[in-house]
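Computation of the quantities below employed the complete heavy-atom set of this structure, encompassing side-chain atoms and omitting hydrogens, waters and symmetry-equivalent molecules.
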Amino acid sequence: MNREQYLKRLETCLDTLSTEERSSALLYYVDYFEDAGADAEQEVIAQLGDPRQLADRILEENGQSPSAGRWRQWLAAAAQKWGAYRRRRSERRVSKSPHKRERLRIAGFCILFVLSAWLLLCGVAVVILSLTLFSTGPMGALFYLGLGLFVSGGALLALSALSGRLPRPRKRNTPPAGRQTAEEVTAHGR
């Protein structure tokens, strides 16, 4: 640890003091280092001891509890680390979320498409079954015919709705059809 690091650490440990008291204490130790000279820097650091312990003595001389300063420093450091963590996490979420949403959307459409196609096949199978049941009894056959047509019609409606809403991948940084980019507008002078 050199002189600048020592004084910086001492300053952070004295953050509970008022600005005037802190600057006068720091000025005293800056002068103390200058009086000792650049050659004796390490000896002065060894003589003064740990910056936290020195800050505790200064805080006690000014009538403050040394532990209050530590809690404040710990909370400030924790808040700073939490803020950095949140920024990294939000940047990661923003960068990956469009791709993830697109994949989930495509997977959802595929599942709905398969289910609709399966319902259509089941509806057709029930209609065929109802046609074979006409020989045994018309009431049961009509019931199954209606059920088969209802399921097939619902599946066809679902498939037609899905086919109109399939996601189409767009190239990045391309404007929608009929719009010009800023570069094209400036190039053509419009």
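Surrounding CG of Asp31 are more than 12 heavy atoms belonging to other residues, nucleotides or ligands, all under 6.0 Å away. The number of heavy-atom neighbours closer than 6.0 Å to CZ of Phe113, taken from other residues, nucleotides and ligands shown, is 12 or below. More than 12 heavy-atom neighbours from other residues, nucleotides or ligands sit within 6.0 angstrom of CD on Glu4. Surrounding OH of Tyr144 are at most 12 heavy atoms belonging to other residues, nucleotides or ligands under 6.0 Å away.
Closest of all the heavy-atom pairs between Ala25 and Leu14 is CB-CD1, 4.3 Å. In plain terms, the two heavy atoms of Ile45 and Arg3 that are nearest each other are CD1-N, 4.1 Å. For the pair Leu120 and Leu156, the tightest heavy-atom approach, listed with the atom from each and the gap, is CD1-CG, 3.8 Å. Residues Ala36 and Ala40 approach most closely at O-CB, 3.6 Å, considering heavy atoms.
Ile111 CD1 to Ile106 CD1: the interatomic distance, rounded to the nearest 0.5 Å, is 12.5 Å. With values rounded to the nearest 0.5 angstrom, Arg52 atom CZ is found 12.0 Å from Leu10 atom CG. Taken from CG in Leu147 to CG in Leu142, the straight-line distance is 12.5 Å, to the nearest 0.5 Å. Distance OH/Tyr29 to OG/Ser24: 10.5 Å, rounded to 0.5 Å. In this structure, CG on Leu59 lies 9.5 Å from CD on Glu21, to the nearest 0.5 angstrom. To the nearest 0.5 angstrom, Leu54 atom CG is 9.0 Å from Cys13 atom SG.
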From CA spacing to verdict: side-chain contact (heavy atoms from CB on, under 4.5 Å), Tyr6, Phe33: CA-CA 11 Å; Tyr6 188 89; Phe33 272 104; 3.9 Å; yes
Asn62 vs Leu17, test: side-chain contact (heavy atoms from CB on, under 4.5 Å). Steps then yes/no. CA-CA 8 Å; Asn62 288 303; Leu17 287 176; 3.7 Å; yes
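Residue Val151 is not grouped with residue Leu157 when hydrophobic side chains (ILVMFWY) are merged at heavy-atom distances under 4.5 angstrom, including chains of intermediate members. By the criterion of side-chain heavy atoms lying less than 4.5 angstrom apart, applied directly or through intervening Ile, Leu, Val, Met, Phe, Trp or Tyr residues, Val124 is not grouped with Leu119; the two fall into different hydrophobic clusters. Under a hydrophobic-cluster definition in which Ile, Leu, Val, Met, Phe, Trp and Tyr are linked whenever side-chain heavy atoms come within less than 4.5 Å, directly or via other members, Leu48 and Met1 are assigned to the same cluster. Tracing side-chain contacts under 4.5 Å through hydrophobic residues (I, L, V, M, F, W, Y), one never reaches Leu112 starting from Val114; they form parts of separate clusters.
Residues Ile58 and Arg22 have side chains not in contact (no heavy-atom distance under 4.5 Å, counting atoms from C-beta outward).
Side-chain atoms of Glu60 do not come within 3.5 Å of backbone N or O of Arg57 as any donor-acceptor pair. Not a single donor-acceptor pair under 3.5 Å links the side chain of Ser152 to the backbone N or O of Leu149.
For the side-chain contact (heavy atoms from CB on, under 4.5 Å) with Pro51, the qualifying choice from Glu11, Arg9, Gln5, Lys8 is Arg9, the only one to do so.
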